[in-house]
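Here the structure comes first, spelled out in structure tokens, and everything after it is commentary.
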Amino acid sequence: MGDLVRHTPGVVLQRDGGIGSRESVSLRGTDAQQALVVLDGVRLNPPLGGGVDLGLLPLAAFDRVEVYRGGGGALFGTDALGGAIRLVPRFPAPGATAEARVGGGTLGWFEAGGTAGYGWRSGHAGLVGTFLHRQARNDFSFVDTNGRDRTREHAATRLEAGMLSGGADLGHLRLRGTAGLSYAFRELPGVEQQPSTSAEHDTLSAFATASVLGRDVGVRGLSLRGELAWASHQSRVVDPQPAVPPAVDVVGRSHSLTAAFETLWYAPHGHTVRARLGLVADLAHTSRLGGVDAAHARVVGSTLLADEWAIGGSDVTLQGVVRVDASSRQDTALVPRLAVLWEPAWENVSLSVRAGAGRAYRLPSFDELYFDTGAVRGNAALRPEDAWSFDAGVSLTFGAVRLAVDAFHLRIENLVLFLPTTLFSVRADDSQGARSSGLELRVGLGPVGLVTFEGRYTFTNARFRDSERRLPGRPRHTGGLRTTLRWGDAFTVWLELEGQDGAPLDRFEALMTPARFLVHAGAEARIGPHLAISLEASNLTNVLDAVDSIQQPLPGARLFGAIRFNLYK
């Protein structure tokens, strides 16, 4: 999943180590907790905090992945300060579908998975399931910040993930359902200067959703939708021999229940009116060795009203959204957004000019509110993070040339951080503010003959407002260039260049990651209608001093090959 979304300008993928490690995203200078991930009505962000681990999601289970850059609080609610990622599950085409994939590579990498489904032509119904197994040893060489050659150990990972989705179209009624389960085991090797040989992390996640959509109900163009969703997340970190005693055994469990009712009306005179009522209940329980067991709950009710007006006789569309969220533990939030889009009907040229402004917010996680190990504590008096975002952009397509430029500014109040209160204690605090401004560029050319070019660049200036120091883990310059060569459907080869500048690892800019420039390549050959063989090489120049946002080393050159077999009945 991470390899897909990282090609979007404004997105920085953060991997915590080697193959199968945690993957999270930064959208427009925010962190993982400020990027919302939704799947068919299910909010995947766990109430305990930490954001969503995209590495737990099998990419083959989804029809498409939509990245919404910019504050999405009005459309999505809490957590969408930097934007949102919407995952749309697959729905099978008529007939039988089956696909199997197996592969392996360096670092003990082994992967196997498959997808199978069936779609009934007469009833417009179908069911599709996806499974993924991935494992890696992840013992690799690296160069530490002192220039010494070292070996990364105790970094093995294992992932099992499955997802089932389906539904039926019955005249004016559409039924959909999705369920998923994933388990991940990861050894935690620690940061480079404090390696661990005993820490381990287990994660178990599950979700289920069901929805009913009625189209042209009573009035032509009026749709009604009801949905129910449940998501659960369990995490356990164990370290019997940490560098600093005592032993660690932390278990966190959370559940989220969602119920919503929505109407969508394609009204006269170019109006598209949407109204939504929703209710979310979050439950969480934590237990810690030598600590205090705790259970917490929160209920959030929401009302949304949106109108998208395609102004008659012009090429202009206005969008206005007003959302009101009422939480059982926080003040009521009024979240508006206003946007304008101009798409003139020009021959041979596609032009889109857009601008928008709106509010977004994030309710503090339960860990930020109630975490307590004695030395590290939450703060029950925390206020929601409050942000205003502004963005504008232009997209142009002319023949084989594609160009998109976007500018953004995000201002955040009540930024939640864990800050030292004494030499021996840390507490959650919301006295800080931050801002993030930047520019995003995407260019494409092709196909020109057999070749297609795609390039991306993002400039992000993310800083604390009071000190003007840079926010940790946010590089200012990121970009990439990808060239793809295709001979019909039989053979594809690609080359990608990816780079970013150094970024601070702490709040004082005292420790910086080195800038990195990586080269990747791959090829795929289709042998007949059912068989495909692929080969991918990452970090071809074997850069060994790259680290992630918490100073964990990243692997050097690695190779992965796979065989995929398709069967269509």
Side-chain angles (χ1 to χ4, degrees), residues 16 24 26 29-34 45-51 78-79 81 188 190-191 193-194 196 199 235 237 239 242-252 254 282 284-296 298 327 329-331 361-387 411-436 462-474 503-512 549-552:
D16 296 346
S24 58
S26 167
T30 59
D31 65 20
Q33 294 194 125
Q34 297 164 336
N45 293 53
L48 285 170
T78 180
D79 299 345
L81 270 71
L188 300 179
V191 297
Q193 300 301 330
Q194 290 184 320
S196 170
S235 174
V237 177
D239 190 354
V244 179
V248 175
D249 191 345
V250 180
V251 180
S254 66
D282 291 329
H285 178 269
T286 58
S287 61
R288 298 173 177 85
L289 184 66
V292 179
D293 287 7
H296 304 284
R298 175 169 61 199
S327 169
R329 293 185 175 270
Q330 302 287 345
D331 294 335
Y361 77 103
R362 184 181 74 85
L363 294 173
S365 69
F366 285 148
D367 272 351
E368 291 169 331
L369 292 168
Y370 309 115
F371 191 89
D372 188 358
T373 62
V376 181
R377 297 175 178 269
N379 183 354
L382 292 175
R383 298 161 293 175
E385 292 181 340
D386 190 359
R411 180 183 176 91
I412 305 175
E413 305 284 352
N414 311 331
L415 183 66
V416 177
L417 300 169
F418 280 88
L419 301 176
T421 55
T422 69
L423 289 176
F424 307 102
S425 64
V426 174
R427 189 184 188 207
D429 178 83
D430 62 4
S431 63
Q432 299 284 323
R435 59 178 174 84
S436 179
R463 297 181 179 272
F464 293 105
R465 287 211 317 274
D466 294 339
S467 66
E468 284 298 314
R469 293 192 177 97
R470 293 169 58 188
L471 294 177
R474 280 76 158 181
L505 293 171
D506 58 15
R507 295 185 298 109
F508 307 103
E509 300 184 23
L511 187 62
M512 302 284 291
S549 59
I550 56 175
Q551 206 183 357
Q552 293 193 121

* To do: Heavy atoms only: give me the nearest Tyr361-Pro384 pair and the separation to one decimal.
  => CD1-CB, 4.4 Å
* Is a side-chain N or O of Thr78 found less than 3.5 angstrom from the main chain of Leu363, in a donor-acceptor match? -> yes
* Asked: Mind checking whether Pro364 and Tyr370 have side chains closer than 4.5 Å, heavy atoms only?
  -> no
* Compare all side-chain heavy atoms of Arg507 with those of Pro472 and state whether any distance is below 4.5 angstrom. => yes
* **Intermediate values then yes/no, side-chain contact (heavy atoms from CB on, under 4.5 Å), Arg362 and Glu368** => CA-CA 12 Å; Arg362 184 181 74 85; Glu368 291 169 331; 3.0 Å; yes
* Asked: What's the spacing between Arg377 CZ and Phe371 CZ if we round to 0.5 Å?
  -> 11.0 Å
* Asked: If you round to the nearest 0.5 Å, how far is CG of Asp430 from CG of Leu417?
  -> 9.5 Å
* Decide whether Gln33 and Glu385 meet the rule of one side-chain donor and one side-chain acceptor closer than 3.5 Å. => no
* Asked: If we only count heavy atoms from C-beta on, is the Met512 to Leu505 side-chain gap below 4.5 Å?
  -> no
* Run the side-chain contact (heavy atoms from CB on, under 4.5 Å) check on His296 and Asp282 step by step: do they pass? -> CA-CA 8 Å; His296 304 284; Asp282 291 329; over 6 Å; no
* So how far is it from Gln34 CD to Asp79 CG, rounded to the nearest 0.5 Å? -> 9.0 Å
* Which pair of non-hydrogen atoms, one from Ala462 and one from Ser436, has the smallest distance, and what is that distance? -> CB-OG, 3.9 Å
* Asked: Between NE2 of His285 and OG of Ser254, what distance do you get to the nearest 0.5 Å?
  -> 12.5 Å
* To do: Kindly indicate, with the supporting measurements, whether the criterion side-chain contact (heavy atoms from CB on, under 4.5 Å) is fulfilled by Asp31 and Arg474.
  => CA-CA 9 Å; Asp31 65 20; Arg474 280 76 158 181; 3.5 Å; yes
* Arg435 versus Ile412: any side-chain heavy-atom pair under 4.5 Å? -> no
* With a 4.5 Å limit on heavy-atom distance, are the side chains of Thr286 and Val251 in contact? -> no
* Distance only, no hydrogens: is a donor on one side chain within 3.5 Å (strictly under) of an acceptor on the other, for Ser425 and Arg427? -> no
* **Distance in Å, Ser431 OG paired with Leu415 CG, rounded so as to fall on 0.5 Å steps** => 9.0 Å
* **Check: Asp367/Ser365 side-chain N/O donor and acceptor closer than 3.5 Å** => no
* To do: With Arg298 as the cation and Phe366 as the aromatic partner, state whether NZ or CZ is under 6.0 Å from the six-membered ring centre and within 45° of the axis.
  => yes
* To do: Answer yes or no: is there an ion pair linking Arg465 with Glu413, defined by an N-O contact shorter than 4.0 Å?
  => yes
* Structure fact -> In this structure, CG of Leu382 is separated from CG of Asp429 (nearest 0.5 Å) by 7.5 Å
* Structure fact -> Residues at least two apart in sequence or cross-chain that pass salt bridge (Lys or Arg N to Asp or Glu O under 4.0 Å) with Arg470, listed by chain then number, are none
* Asked: When you look at CD of Glu509, are more than 12 heavy atoms from neighbouring residues, nucleotides or ligands closer to it than 6.0 Å?
  -> yes
